[in-house]
Enquirer: 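Got a structure for you, questions after.
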Amino acid sequence: MATNFLAHEKIWFDKFKYDDAERRFYEQMNGPVTSGSRQSSGPGASSGPGGDHSELIVRITSLEVENQNLRGVVQDLQQAISKLEARLSSLEKSSPTPRATAPQTQHVSPMRQVEPPTKKGATPAEDDEDNDIDLFGSDEEEEDKEAARLREERLRQYAEKKAKKPTLVAKSSILLDVKPWDDETDMAQLETCVRSIQLDGLVWGASKLVPVGYGIRKLQIQCVVEDDKVGTDLLEEEITKFEEHVQSVDIAAFNKI
């Protein structure tokens with residue numbers, strides 16, 4: 001009967017083993033305990049009230065450390081929240097107008113959408129106003145015609161004024177070398193032949209005889225021509241027509257005036 005009673009009774013015979021395991025667990029989490037606590041937490045003392053008391057002290061100490069850390073975190077969060085609330089309130093005070101004006105912009109668009117249907121049913125008074133607008137349009141057309149007439153008149157006056165101004169004639173100064181056949185050529189007669197060429201836009205200038213060699217001299221004569229009327233090709237063609245006296249013609253210098 002005593003054996004059966006003990007079998008059904010909940011008696012903790014190996015409590016010191018579980019106490020030792022719990023102590024090692026908390027030492028791994030919170031660090032090793034002091035030497036006094038180790039002595040009191042031995043197999044013989046763990047089953048007594050001293051072992052339980054030391055374990056409670058260790059746990060309470062660790063909880064107090066965690067509690068202090070949590071209090072610091074909570075204080076930091078409270079300070080951050082208070083700063084955000086102050087910032088939000090300052091922003092709301094500094095910008096009250098956009099919220100007041102936003103509903104006004106929303107009520108403008110429906111009025112503009114309603115305007116086209118009202119124009120369809122126009123009254124006689126509105127028809128008269130449309131006729132007045134057409135009359136104004138005719139006045140504008142008359143003003144445009146008057147402006148066009150004035151513009152044409154000014155253009156005509158400008159063209160007449162420009163036509164009266166003397167136009168600049170492009171001229172060139174040409175120095176020609178006229179070479180005879182030999183030293184027996186009459187150079188005076190050769191110059192007379194050259195100067196006998198008369199063309200519109202051609203004016204003969206000074207001349208001189210320049211020795212070439214072996215008793216032969218060439219005629220160097222200057223002339224002024226209008227570029228639009230007389231060209232160098234025409235001059236050479238006219239001078240070389242005097243075949244009895246002229247062998248060739250060269251351009252020694254050519255300058256624009």
Enquirer: Hey, what do you get for CD1 (Ile174) to CD (Glu236), rounding to the nearest 0.5 Å?
Expert: 9.0 Å
Enquirer: Apply salt bridge (Lys or Arg N to Asp or Glu O under 4.0 Å) to the pair Glu27 and Arg24, showing each step before the final yes or no.
Expert: CA-CA 5 Å; Glu27 283 182 356; Arg24 287 197 301 271; over 6 Å; no
Enquirer: How long is the straight-line distance from CG of Leu209 back to CD of Gln220, given to the nearest 0.5 Å?
Expert: 10.0 Å
Enquirer: Tell me if the CD atom of Glu244 is crowded by more than 12 foreign heavy atoms within 6.0 Å.
Expert: no
Enquirer: Is there a donor in the side chain of Ser207 and an acceptor in the side chain of Gln222, or the other way round, less than 3.5 Å apart?
Expert: no
Enquirer: What's the spacing between Leu84 CG and Gln79 CD if we round to 0.5 Å?
Expert: 12.0 Å
Enquirer: If you group Ile, Leu, Val, Met, Phe, Trp and Tyr by side-chain heavy-atom gaps below 4.5 Å, do Leu234 and Val224 land in one group?
Expert: no
Enquirer: Assess whether a salt bridge exists between Glu146 and Arg149, defined as any Lys/Arg side-chain N lying under 4.0 Å from an Asp/Glu carboxylate O.
Expert: yes
Enquirer: Once you round to the nearest 0.5 Å, how far does CG of Leu219 lie from CG of Asp177?
Expert: 8.5 Å
Enquirer: Say whether Trp181 and Ile239 are linked into one hydrophobic cluster, either directly or through other cluster members, by side-chain heavy-atom distances under 4.5 angstrom.
Expert: no
Enquirer: Is the shortest heavy-atom distance from the side chain of Val225 to the side chain of Lys229 under 4.5 Å?
Expert: no
Enquirer: Tell me whether Val249 is reachable from Phe254 by hopping between hydrophobic residues (I, L, V, M, F, W, Y) whose side-chain heavy atoms are closer than 4.5 Å.
Expert: yes
Enquirer: Under a 3.5 Å threshold, yes or no: a donor from one side chain and an acceptor from the other, between Arg217 and Thr185?
Expert: no
Enquirer: Rounded at 0.5 Å granularity, tell me how far OG1 in Thr192 sits from CG in Asp186.
Expert: 8.0 Å
Enquirer: Consider only side-chain heavy atoms of I, L, V, M, F, W and Y, link residues closer than 4.5 Å, and tell whether Val212 and Val194 are in one cluster.
Expert: no
Enquirer: Is the backbone N or O of Ile197 less than 3.5 Å from a side-chain atom of Trp204, with the two atoms forming a donor-acceptor pair by type?
Expert: yes
Enquirer: Please determine, by modelled atom types, if Asn255 and Ser173 share a side-chain donor-acceptor pair under 3.5 angstrom.
Expert: no
Enquirer: Are Val203 and Leu175 grouped together when hydrophobic residues (ILVMFWY) are joined by side-chain heavy atoms under 4.5 angstrom apart?
Expert: no
Enquirer: Does the pair Arg59/Glu55 count as a salt bridge with the N-to-O cut at 4.0 Å?
Expert: no
Enquirer: Taking atom CZ of Arg156 as the centre, report whether more than 12 heavy atoms of other residues, nucleotides or ligands fall under 6.0 Å from it.
Expert: yes
Enquirer: Can you name the salt bridge (Lys or Arg N to Asp or Glu O under 4.0 Å) partners of Glu64, sequence neighbours left out?
Expert: none
Enquirer: Taking the basic N atoms (NZ, or NE/NH1/NH2) and the acidic carboxylate oxygens, is any pair closer than 4.0 Å for Asp250 and Lys179?
Expert: yes
Enquirer: Working to the nearest 0.5 angstrom, can you tell me the gap between Glu85 CD and Lys83 NZ?
Expert: 13.0 Å
Enquirer: Over all heavy atoms of both residues, which pair between Asp200 and Val230 is shortest? Give the atoms and the distance, please.
Expert: O-CG2, 3.4 Å
Enquirer: Shortest non-hydrogen contact from Ile221 to Gly205?
Expert: CG1-O, 4.4 Å
Enquirer: Using every non-hydrogen atom in the two residues, find where His245 and Leu190 come nearest and quote the distance to one decimal.
Expert: O-CD1, 3.2 Å
Enquirer: For residues Phe242 and Ser196, report the shortest heavy-atom separation together with the two atoms involved.
Expert: CZ-OG, 3.6 Å
Enquirer: Please report the shortest heavy-atom distance between Ser172 and Asp227, naming the atom on each side.
Expert: OG-OD1, 2.6 Å
Enquirer: Sub-3.5 Å donor-acceptor pair from the side chain of Gln198 to the main-chain atoms of Arg195, do we have one?
Expert: yes
